[in-house]
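Order of the sequence lines sets the chain letters (A, B, ...), proteins ahead of strands, with each chain counted from 1.
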Amino acid sequence: MTVRVRFAPSPTGFVHIGSLRTALYNYLFAKKNGGQYILRIEDTDQTRYVEGAIEGMLNSMAWAGVNHDEGAVLEDDKLVEKGDHGPYIQSERLEIYQKYIQELLEAGHAYYCFCSRERLEEVREQQKAAGMTPKYDGHCRQYTLEEARTKIANGESYVIRLKLPENRDIQFSDVVRGNVTVNTNDIDDQVLMKSDGFPTYHFAVVVDDYLMGITHVIRGEEWLISTPKHVYLYEVFGWKAPQYVHLPNILNAERKKLSKRQGDVAVEDFVRKGYLPEGLVNYIALVGWSPEDNQELFSMEELIEKFSLERVSKSGGVFDTDKLNWINSHYIKESPVERITDLAIPHLIKAGYVTEVEVNEKYQWIKDMVTVLQDRLSYVGEIVDKVDIFFTTEIKPEDQEAEEILKVEHLPQLLEVFGEKIKAIEVVDEDVVKGIFKEIQKETGIKGKNLFMPIRVALTGAVHGPDLPLTLKVIGKQNILSRIDYVKNNLL
RNA sequence: GGCCCAUUGGUCAAGCGGUCAAGACACCGCCCUUUCACGGCGGUAACCCGGGUUCGAUUCCCGGAUGGGUCACCA
């Protein structure tokens, strides 16, 4: 039996970081087992549909390199479907659901319900007031199919509910949780078909997973509790249920479910900040799964090779930006400068350091700047916090420590000598600066920290920063000289 | 609140009856570096609490506590 798995987002916005991980695990599991990974769009809630959401999600998945074998894909910016188990968009499968819901109705496993939302609300309130768990009271179970159809013919609005047997334990085995048992008395007669003719998730997911030949359902743990309803549906249809795999949640620092409004949770947020796809994917793979050995850094190929559902953890994991940064910085260091430069340019433009028209002629210079900074970035966008030293004209000591350094008594002499030597050369590059430092050391006896730090602070205002010779190369001869003048005139 | 699930350092986590309880991030220290980083080496730091079972429990069982999930015509 070939493995077939699916990722089934609903197009209500962006791809949540937790969804990315769910998709990734599905993808890894499929690839590992030579199976297929399908992307199905679950757009059964007409009220929550967001324009352009599908396209955005598809782009995020493509960015991350989690590519599906079947499902909705973007071709020349147009949404098309690939694969022979389609349609893969639920709103295009309405007739299919109709057929199966009729089957259920005829067999007595589902019934029409005419209760108004008001009545439902009322019942719930009463139950709550009585200290009971809110649950549909089965009011419409009394109607025969025939009676119900008469009411429908009279124009009454209805939904279709699952008719659950009383007091029956439904058990299923979850790959990560083991055996889970829930009694039907604790489950609602779930609405299967809504009054607008669309199926609910619970119905569509079962019909589609069956029809699409899904063998393993790998999804977030928020679905664990409703799985018995799905298992029951498989049973009454006489279908074989898939293997269930419920993934633990990804939590924030407060150990709450990671959600919007408390920072970055959308894949696009990380793209925007300048995280690399291999960094994000590598990190996210490690929240909720661990390899047999101690490996931390993985390419997608290695993840596929090492991944197994048996090693998925049971409990939720906190999203740790520090570790993400560490992993991401690894991939930034590994990348060709050109790649980081190209990613950095939009950030520099946005921050106002360069204009779009300047970019071409300044490309080499920008590349030099990126070369100097590349090893120090956690994510590319961070570069805008570090480039000020290359653009500033008026040196300002960044803190008290910097101010102290500017007060050292040999600074005026040092700047004088250094300025003269810079003046004397054509082009400032790394080796030239190193040579100059050597000469100064020989001529004045100033060396080490006493040599580098005063120059660094005088020319950049900062105590910390990238390698000085490289930094000076990027600053350039003219700017070095004018900064020296500025410091002499204003800060000494 | 009912039901379901979980609980190893600050965080991710290994462990699957006998270990001085791995490793990584973060933090601290040292080394490398004529500066700053990178890097290398080292350090601090954990089995939620009770009962059982067992010669022996972090590991198995039962309670409790804590945390999470879920109780929609949302997914």
For this session: Name the nucleic acid region contacted by A/Lys447, choosing base, sugar-phosphate or nothing; use a 4.0 angstrom heavy-atom cut-off, strictly under.
Result: base

Seminar exercise, completed: Rounded to whole Å, the CG-C1' distance (A/Leu459 to B/C36) equals 14 Å

For this session: Specify the separation, in whole Å, of atom CD of A/Glu439 and atom C1' of B/U34.
Result: 15 Å

For this session: Ignoring hydrogens and angles, answer whether the base of B/A6 and the side-chain atoms of A/Lys314 contain a donor-acceptor pair closer than 3.5 Å.
Result: no

Problem set entry | Selected nucleotide, minimal atom distance to A/Ser290 side chain, candidates B/A14, B/C12, B/U34 | B/A14

Exercise. Can the ring centres of A/Tyr100 and A/Phe203 be said to be less than 6.0 Å apart?
Worked result: no

Exercise. How about A/Phe307 and A/Tyr25: are their ring centres within less than 6.0 Å of each other?
Worked result: yes

For this session: Scan side-chain atoms only and decide if A/Thr181 and A/Asp169 contain a donor-acceptor pair under the 3.5 Å cut-off.
Result: no

Exercise. Are the aromatic ring centres of A/Phe319 and A/Tyr283 under 6.0 angstrom apart?
Worked result: yes

For this session: Assign A/Asn179 to base, sugar-phosphate, or nothing according to its heavy-atom contacts below 4.0 angstrom with the strands shown.
Result: sugar-phosphate

For this session: Determine: side-chain N/O of A/Lys434 to OP1/OP2 of B/U35, distance under 4.0 Å, yes or no.
Result: no

Exercise. Touch check for A/Glu296, heavy atoms < 4.0 angstrom, all strands: base, sugar-phosphate only, or nothing?
Worked result: base

For this session: Name the nucleic acid region contacted by A/Gly317, choosing base, sugar-phosphate or nothing; use a 4.0 angstrom heavy-atom cut-off, strictly under.
Result: sugar-phosphate

For this session: Would you mind classifying the nucleic acid contact of A/Ser313 as base, sugar-phosphate or nothing, using non-hydrogen atoms under 4.0 angstrom?
Result: sugar-phosphate

Exercise. Counting side-chain heavy atoms from CB outward, which of B/U35, B/U7, B/C12 is closest to A/Phe452?
Worked result: B/U35

Seminar exercise, completed: Residue pair A/Arg456/A/Gln190 against RNA chain B: nearer the 5' end by closest nucleotide is A/Arg456

Exercise. Base, sugar-phosphate, or nothing: which does A/Asp322 touch, judged by heavy atoms less than 4.0 Å apart?
Worked result: sugar-phosphate

Exercise. According to a 3.5 Å limit on both distances, what stems of 3 or more consecutive Watson-Crick or G-U pairs are formed with RNA chain B?
Worked result: B:1-7 with B:65-71, B:10-12 with B:23-25, B:27-31 with B:39-43, B:48-52 with B:60-64

Exercise. What one-letter contact string describes nucleotides 59-71 of chain B from 5' to 3', where B marks a base within less than 4.0 Å of any protein heavy atom, S marks contact via sugar-phosphate atoms alone, and - marks no contact?
Worked result: --------SSBSB

For this session: Indicate whether OP1 or OP2 belonging to B/A75 is found under 4.0 Å from a side-chain N or O atom of A/Thr44.
Result: yes

For this session: Looking at every strand, decide which applies to A/Arg177 at a 4.0 Å heavy-atom threshold: base, sugar-phosphate, or nothing.
Result: sugar-phosphate

For this session: Please state whether the phosphate of B/C16, meaning OP1 or OP2, lies under 4.0 angstrom from any side-chain nitrogen or oxygen of A/Arg311.
Result: no

Exercise. With a 4.0 Å cut-off on heavy atoms, is A/Val287 in touch with a base, just the backbone sugar-phosphate, or nothing at all?
Worked result: sugar-phosphate

For this session: With heavy atoms under 4.0 Å as the rule, sort A/Asn294 into base, sugar-phosphate or nothing.
Result: base

For this session: Tell me which nucleotide among B/C25, B/G2, B/C73 gets nearest to the side chain of A/Lys194.
Result: B/C73

For this session: For A/Arg219, report the nucleic acid contact type (base, sugar-phosphate, nothing); a contact means any heavy atom under 4.0 Å.
Result: nothing

Problem set entry | 5'-most by nearest nucleotide on RNA chain B - A/Pro469 or A/Lys333 | A/Pro469

